[in-house]
Structures are given as C-alpha cells and as structure tokens.
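Chain naming here is simple, since letters A, B, ... match the order of the sequence lines and numbering starts at 1 in each. All values below come from the heavy atoms of this structure, side chains included, with hydrogens, waters and symmetry mates left out.
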Number of protein chains: 2
Amino acid sequence: MRALLLVAHGSRREASNEEVRTITRLLRSRAEPEFALVHCAFLELADPLIPEGLEQCRQAGAAEVVVLPYFLSAGRHVTEDIPGIVSKYREIHPELVIRLAPHLGTATGLPDALFDLAKI
Amino acid sequence: MRALLLVAHGSRREASNEEVRTITRLLRSRAEPEFALVHCAFLELADPLIPEGLEQCRQAGAAEVVVLPYFLSAGRHVTEDIPGIVSKYREIHPELVIRLAPHLGTATGLPDALFDLAKI
C-alpha cells in the first residue's frame with residue numbers, strides 16, 4: 001500500500017498550518033486510489049513532525065511512502081533538512097520504502113495554477 | 001494594456017530568486033496575450049522590489065497591473081505587507097489600476113500539480 005506525505009514547513013500561525021491541512025484534503029481526493037493514504041507533516045513548529053507522519057503511514061500498513069515537499073524553492077530545507085530526516089527514519093525502518101518527490105516549485109502545473117488566479 | 005506582476009518573498013540565496021524568474025518565464029508563455037507584460041518582483045532581499053516592478057509595468061505602458069503573491073500561506077506578507085506596499089504606490093500613481101489576486105496557496109490547480117509530482 002502506497003502513502004503520500006505532503007511535507008510543509010510549519011508555522012507559529014495556526015491558520016497557515018490549517019491551510020496545509022486543507023490542501024492535503026484536496027490532494028487526498030485527487031490522489032486516491034493511487035495513494036491509499038494521504039497525510040501531511042511539518043518540518044517544525046506544527047504537528048505531526050516528519051518522523052511522526054512517516055510512522056503514521058507505516059503503522060497504517062504502508063509499504064511505500066512518497067514524501068512531497070510543499071516548498072516553492074530548493075533551499076536548505078528541501079535539499080538537506082527533509083532528506084536528512086528521511087534518512088534517519090530509514091535507518092530505523094529499512095523495510096519501509098521512502099521516496100522523495102520533487103518540491104512544489106518544480107511542478108509543471110504551476111503556470112496554469114497561477115494564470116487561473118490572475119484572471120480576476 | 002494589462003500587466004501581471006508575480007510577487008515572491010525574495011531570498012539571500014540567489015538560486016531561489018532564479019527559480020522565481022524561471023516560473024515567471026513559464027507564466028509569461030501561459031499568460032500571453034491576455035497579459036501583454038509578465039514580470040516578477042520581490043518583497044525583500046532581491047531585485048526588483050515591488051514598487052520598482054510596478055514602475056516597470058507603468059513605464060512600459062500598462063494601464064492595469066494584477067499583483068499575484070507567489071506565497072503558499074496567507075501570512076502577514078500576504079495580508080499586510082504586499083497590500084501596504086501596493087497602497088503606497090497607488091497614492092503616487094492613482095491612474096494605474098492595481099488589483100491584488102489571491103495568493104498561490106489558494107489555487108484550485110494545486111492538488112493536480114502536487115499529484116503530478118507524486119507520480120514518481
């Protein structure tokens with residue numbers, strides 16, 4: 001069973017974390033049935049953190065988790081922090097296949113999404 | 001003539017600013033001919049800043065500029081800083097119609113864009 005974990009930065013402003021949970025619900029509707037589970041997790045400042053999110057997927061029976069960074073640019077969080085946290089979790093649970101997807105900023109659908117917003 | 005100004009945060013990491021310029025080029029291809037001009041500007045840390053970006057559009061002959069925040073959450077930058085900078089510019093050039101589009105995090109196309117990335 002495959003799971004999809006959307007990983008956002010996390011904010012002290014709870015409304016921002018709620019925006020991530022909302023997009024996760026929308027993504028869940030879009031990603032089923034290819035992904036039986038779609039959850040979100042945060043790098044810091046909000047729950048669940050990434051290891052907890054991975055653990056939720058594993059305990060729910062996922063054999064594979066795709067980690068998708070909800071970030072616009074490939075800064076340190078995307079290039080170092082998230083891969084580092086994933087690597088540490090892999091050491092504890094090597095049986096779980098974890099794959100890192102490209103970050104949102106590289107999505108080919110972004111120009112379309114932006115153009116739709118501009119048509120106000 | 002209408003212009004579209006994609007406004008990102010700006011980063012000390014020049015590669016992140018380049019990512020914004022790349023998405024601006026892709027957006028330009030998508031948004032022509034509805035928008036004769038498509039530029040980017042930054043809230044801080046990179047050039048051009050928002051007033052300079054608005055000025056570029058105005059001097060190129062734009063009668064209207066749509067300002068589109070390239071932000072995932074509606075934090076202070078989206079709700080206060082960008083509208084505040086736009087308001088100040090409006091006072092100087094009231095003849096230019098400036099409209100604020102919703103921020104990227106609200107785009108209905110985001111779930112599709114994310115799902116495409118997850119299919120690795």
Next item on the list: Let me know if B:L4 has heavy atoms under 4.5 Å from chain A in its side chain, its backbone, both or neither.
Entry: side chain
Checklist line | By salt bridge (charged side-chain N to carboxylate O under 4.0 Å, His left out) - contacts of A:E18 (at least two apart) | finding: A:R21
Note to self: Out of A:S29, A:S11, A:A101, return the one with the most heavy atom pairs under 4.5 angstrom to chain B.
What the structure shows: A:A101
Notebook entry, point to check: Between B:I23, B:T106, B:T108, which residue shows the highest count of heavy-atom pairs closer than 4.5 Å to chain A?
Noted result: B:I23
Checklist line | Under 4.5 Å from any heavy atom of chain A - which part of B:F35 | finding: side chain
Next item on the list: Answer with yes or no whether the hydrophobic clustering places B:V78 together with B:Y70; edges join I, L, V, M, F, W, Y residues whose side-chain heavy atoms lie under 4.5 Å apart.
Entry: no
Item checked: Contact check, side chains of A:S73 and B:N17, non-hydrogen atoms, under 4.5 Å -> no
Check: If you group Ile, Leu, Val, Met, Phe, Trp and Tyr by side-chain heavy-atom gaps below 4.5 Å, do B:I50 and B:V67 land in one group?
Finding: yes
Notebook entry, point to check: Considering only heavy atoms, which portion of A:L72 lies under 4.5 Å from any heavy atom of chain B: side chain, backbone, both, or neither?
Noted result: both
Notebook entry, point to check: Cluster question for you: counting only ILVMFWY and a side-chain heavy-atom cut-off of under 4.5 Å, with indirect links fine, are A:L104 and A:V65 together?
Noted result: no
Item checked: Heavy-atom pair with the smallest gap, counting every atom of B:E19 and A:A74 -> OE2-N, 2.8 Å
Next item on the list: Tell me, out of B:A31, B:G105, B:A8, who's got the most heavy-atom pairs with chain A below 4.5 Å.
Entry: B:A31
Notebook entry, point to check: Which heavy atom in B:I120 sits nearest to a heavy atom in A:L100, and how many Å separate them?
Noted result: CD1-O, 3.5 Å
Margin query: Nearest 0.5 Å, please: how far is CG in B:L26 from CG in A:L110?
Written below: 9.0 Å
Notebook entry, point to check: Same cluster or not: are A:V38 and A:V20 linked, directly or through other Ile, Leu, Val, Met, Phe, Trp or Tyr residues, by side-chain heavy atoms under 4.5 angstrom apart?
Noted result: yes
Checklist line | For A:L114 against B:L68, the heavy-atom pair lying closest together | finding: O-CD2, 3.3 Å
Notebook entry, point to check: Side chains of A:L117 and B:V66: does their closest heavy-atom pair fall under 4.5 Å?
Noted result: no
Item checked: Heavy-atom pairs under 4.5 Å with chain B, option from A:A113, A:A118, A:G75 with the top count -> A:A118
Cut-off 3.5 Å, no hydrogens considered: what does the side-chain donor-acceptor table look like for residues 42-49 of chain A, sequence neighbours left out?
residue: A:E44; atom: OE2; partner: A:H9; partner atom: NE2; Å: 3.3

Margin query: Would you say A:I85 ends up clustered with A:I98 if hydrophobic residues are merged whenever their side chains have heavy atoms under 4.5 Å apart, either directly or through other cluster members?
Written below: yes
Notebook entry, point to check: For the side chain of A:R30 and the backbone of B:F115, is there at least one donor-acceptor N/O pair under 3.5 Å apart?
Noted result: no
Next item on the list: Indicate yes or no for a side-chain donor-acceptor contact from A:R13 to the backbone of B:R76 under 3.5 Å, with no hydrogens or angles considered.
Entry: no
Next item on the list: Tell me, for B:R28 versus chain A, whether the close heavy atoms (under 4.5 Å) come from the side chain, the backbone, both or neither.
Entry: neither
Next item on the list: Give a yes or no on this: more than 12 heavy atoms of other residues, nucleotides or ligands lie within 6.0 Å of atom NZ of A:K88.
Entry: no
Next item on the list: Among B:P102, B:A15, B:G109, single out the residue with the greatest number of heavy-atom pairs under 4.5 Å to chain A.
Entry: B:P102
Note to self: To check you understand the geometry: which heavy-atom pair defines the closest contact between A:P111 and B:L27, and what is its length?
What the structure shows: O-CD1, 3.6 Å
